[in-house]
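Nothing fancy with the numbering, it's 1 onward along the sequence.
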Amino acid sequence: MEPQTAAPYITGPHSMHYEAWFGMIDPPRDYSVYDMSWVGPAASLISTVADLNRFYSLLLAGEIISESSLAEMQRTVPVISFEGKTIEYGLGLHKLTVPGHGIFWGHDGSAWGSGAMSMTGADGKRQMSFAVNLQRWNRLDSAQKPQPHPIDGALQAFIQLALCG
């Protein structure tokens with residue numbers, strides 16, 4: 001694959017990116033061509049879900065950094081996520097414990113109109129990565145809290161199936 005230029009355009013096939021901002025942008029706005037430099041280096045990398053799976057597989061197998069550096073990344077503290085949930089977060093790694101199925105490591109994130117999540121089992125046997133091209137699809141209630149949406153349930157079912165079989 002050829003490296004991308006500094007322009008905000010992605011060459012080749014790619015998904016579009018739509019932002020709904022909790023129903024305040026209706027219909028959702030196309031952010032497929034947008035200068036994401038405000039996010040800093042987090043938006044400077046374009047990858048596929050296959051790239052994410054390969055990266056986390058190599059990282060967690062100790063093939064990218066030393067064992068001691070990986071141990072530092074996996075030392076977690078409780079953090080409150082944007083959704084108000086407590087997650088276990090280390091240096092760039094999110095720890096997800098699935099009762100009866102073990103520990104998974106990875107990361108998720110979003111920007112205007114796009115998001116991704118990638119998790120790999122601590123034993124390296126299961127991986128799951130997905131990308132979405134619509135963000136903040138939930139509507140807000142009178143207390144300004146996001147309300148459940150069918151997409152939420154579908155994603156949770158997918159994650160459960162992918163990680164647990």
[Y] and [X], any side-chain heavy atoms less than 4.5 Å apart:
| X | Y | answer |
| --- | --- | --- |
| Trp137 | Asp152 | yes |
| Asp108 | Ser118 | no |
| Asn138 | Pro148 | no |
| Leu59 | Ile65 | yes |
| Leu93 | Leu70 | yes |
| Leu140 | Met24 | yes |
| Gln74 | Leu60 | yes |
| Phe104 | Thr120 | no |

Closest non-hydrogen atom pair between [X] and [Y], with its separation:
| X | Y | value |
| --- | --- | --- |
| Ala131 | Val49 | N-CG1, 3.9 Å |
| Ser32 | Met16 | OG-CA, 3.1 Å |
| Asp123 | Arg126 | OD1-N, 4.3 Å |
| Lys95 | Thr97 | CE-OG1, 3.9 Å |

Verify, without hydrogens or angle tests, whether Ser47 (side chain) and Asp51 (backbone) share a donor-acceptor contact under 3.5 angstrom. no
Are the side chain of Glu19 and the backbone N or O of His17 linked by a donor-acceptor pair below 3.5 Å? no
Polar contact flag, side-chain donor to acceptor under 3.5 angstrom, Asp26-Trp21: no
Rounded to the nearest 0.5 Å, how far does [atom2] of [Y] lie from [atom1] of [X]?
| X | Y | atom1 | atom2 | result |
| --- | --- | --- | --- | --- |
| Glu88 | Thr76 | CD | OG1 | 4.0 Å |
| Ile159 | Leu96 | CD1 | CG | 8.0 Å |
| Glu72 | Leu91 | CD | CG | 6.5 Å |
| Gln135 | Trp112 | CD | CH2 | 10.5 Å |
| Gln147 | Ser142 | CD | OG | 8.5 Å |
| His101 | Leu163 | NE2 | CG | 9.5 Å |

Look at the side-chain heavy atoms of Ile, Leu, Val, Met, Phe, Trp and Tyr, link any pair under 4.5 Å apart, and say whether [X] and [Y] land in one connected group.
| X | Y | result |
| --- | --- | --- |
| Ile87 | Val77 | yes |
| Met119 | Leu58 | no |
| Tyr18 | Tyr31 | no |
| Met128 | Val98 | yes |
| Met117 | Ile151 | yes |

For the aromatic rings, using the six-membered ring if either is Trp, is the centroid distance between Phe55 and His107 under 6.0 Å? no
Inspect the surroundings of CD in Gln144 and state if more than 12 heavy atoms from other residues, nucleotides or ligands are less than 6.0 Å away. yes
Cation-pi check for Tyr56 against Arg54: NZ or CZ below 6.0 Å from the six-membered ring centre and within 45 degrees of the axis, yes or no? no
Apply side-chain hydrogen bond (donor to acceptor under 3.5 Å, both in side chains) to the pair Asn53 and Ser129, showing each step before the final yes or no. CA-CA 7 Å; Asn53 280 340; Ser129 291; 2.7 Å; yes
Name the orientation class of the two ring planes belonging to Phe130 and Phe158 (parallel below 30°, tilted from 30 to 60°, perpendicular beyond 60°). perpendicular
Stepwise, does the side-chain contact (heavy atoms from CB on, under 4.5 Å) test hold for Ser81 with His94? CA-CA 11 Å; Ser81 72; His94 170 191; over 6 Å; no
